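Predicted model, so just to flag it, every value in this text is computed and none were measured.
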Amino acid sequence: VQLQASGGGLVQAGDSVRLSCVASRRIFSSTVMGWFRQAPGKERDFVAAIRWGVGNTYYADSAKGRFTISRSTAKNSVYLQMNSLKPEDTAVYYCAATYGGLSTVEKEYNAWGQGTLVTVSS
């Protein structure tokens, strides 16, 4: 599957942004869709994931309470709603898919989107 992420941009601290990721084909119910981010000079980190079939979600501690992952099965799309953004949320955000079950580990994801840059100014 090919993934296309969008929705990034330059925002101010406290603003909200909604990222979107659309898949090139139907996503099977056993798939887990995730969001990762990579800040400048740092490794790519897990942000959130959702089980496609049942909609169960999982978040990194840094995302809990501010970010919400959701999906549209009709649109083969996954979203990341980010609220109360902070400068430390500045990163390239990637969507990804794994067929091996819920995971927070980058190498366990099989397909990746191209990334979308979110820059949060103070």
Side-chain angles (χ1 to χ4, degrees):
V1 64
Q2 293 183 328
L3 304 173
Q4 180 77 29
S6 61
L10 175 61
V11 298
Q12 293 188 336
D15 284 352
S16 297
V17 167
R18 187 193 194 209
L19 305 182
S20 300
C21 174
V22 60
S24 59
R25 58 159 175 79
R26 175 178 169 263
I27 299 174
F28 297 114
S29 61
S30 58
T31 304
V32 171
M33 297 296 295
W35 285 97
F36 287 75
R37 68 183 183 184
Q38 186 167 22
K42 296 187 177 181
E43 296 183 349
R44 192 152 52 182
D45 293 328
F46 171 79
V47 176
I50 185 167
R51 293 184 184 274
W52 194 257
V54 296
N56 292 18
T57 57
Y58 188 78
Y59 296 93
D61 287 343
S62 60
K64 289 179 181 176
R66 298 190 300 128
F67 295 2
T68 302
I69 187 171
S70 62
R71 78 209 192 294
S72 168
T73 56
K75 296 182 180 180
N76 295 322
S77 295
V78 61
Y79 308 99
L80 186 67
Q81 176 68 42
M82 304 190 293
N83 299 328
S84 302
L85 284 164
K86 306 174 183 179
E88 51 264 43
D89 294 318
T90 295
V92 177
Y93 284 75
Y94 298 89
C95 60
T98 179
Y99 313 115
L102 185 63
S103 174
T104 65
V105 179
E106 176 186 357
K107 66 179 181 180
E108 295 183 356
Y109 281 74
N110 310 100
W112 291 84
Q114 85 288 3
T116 184
L117 176 62
V118 175
T119 303
V120 184
S121 64
S122 59

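- The stretch residues 68-82 participates, sequence neighbours left out, in these side-chain hydrogen bond (donor to acceptor under 3.5 Å, both in side chains) pairs: Gln81-Asn83.
- Through direct or relayed side-chain contacts under 4.5 Å between Ile, Leu, Val, Met, Phe, Trp and Tyr, Tyr94 connects to Val32, Phe36, Phe46, Tyr58, Val92, Leu102, Tyr109, Trp112, Leu117.
- Here the straight-line distance linking atom CZ of Arg25 with atom CG of Leu3 works out to 9.0 Å at 0.5 Å rounding.
- Between the CD atom of Gln4 and the CD atom of Gln114 there is a distance of 4.0 Å, given to the nearest 0.5 Å.
- Residue Ser122 holds its OG atom at 9.5 Å from CD of Gln12, rounded to the nearest 0.5 Å.
- Note on Ile50: it clusters hydrophobically with Val1, by side-chain heavy-atom contacts below 4.5 Å among ILVMFWY residues.
- The minimum heavy-atom distance between Gly7 and Thr116, with the atom names listed, is N-OG1, 3.9 Å.
- Interatomic distance, Met33 CE to Leu80 CG, rounded to the nearest 0.5 Å: 12.0 Å.
- Between Asn110 atom CG and Thr98 atom OG1 the span is 4.5 Å, to the nearest 0.5 Å.
- Note on Phe67 and Val11: same hydrophobic cluster, where clusters join Ile, Leu, Val, Met, Phe, Trp and Tyr whose side-chain heavy atoms are under 4.5 Å apart, directly or indirectly.
- For residues 37-57, the set of pairs meeting the side-chain hydrogen bond (donor to acceptor under 3.5 Å, both in side chains) definition, not counting sequence neighbours, comprises Arg37-Asp89, Arg37-Tyr93, Arg44-Glu106.
- Of all heavy-atom pairs spanning Tyr59 and Ile69, the tightest one is OH-N, 2.9 Å.
- Across all non-hydrogen atoms, the minimal contact from Ser16 to Ser84 is OG-N, 4.3 Å.
- Note that CG of Leu85 is 10.5 Å distant from OG of Ser121, once rounded to the nearest 0.5 Å.
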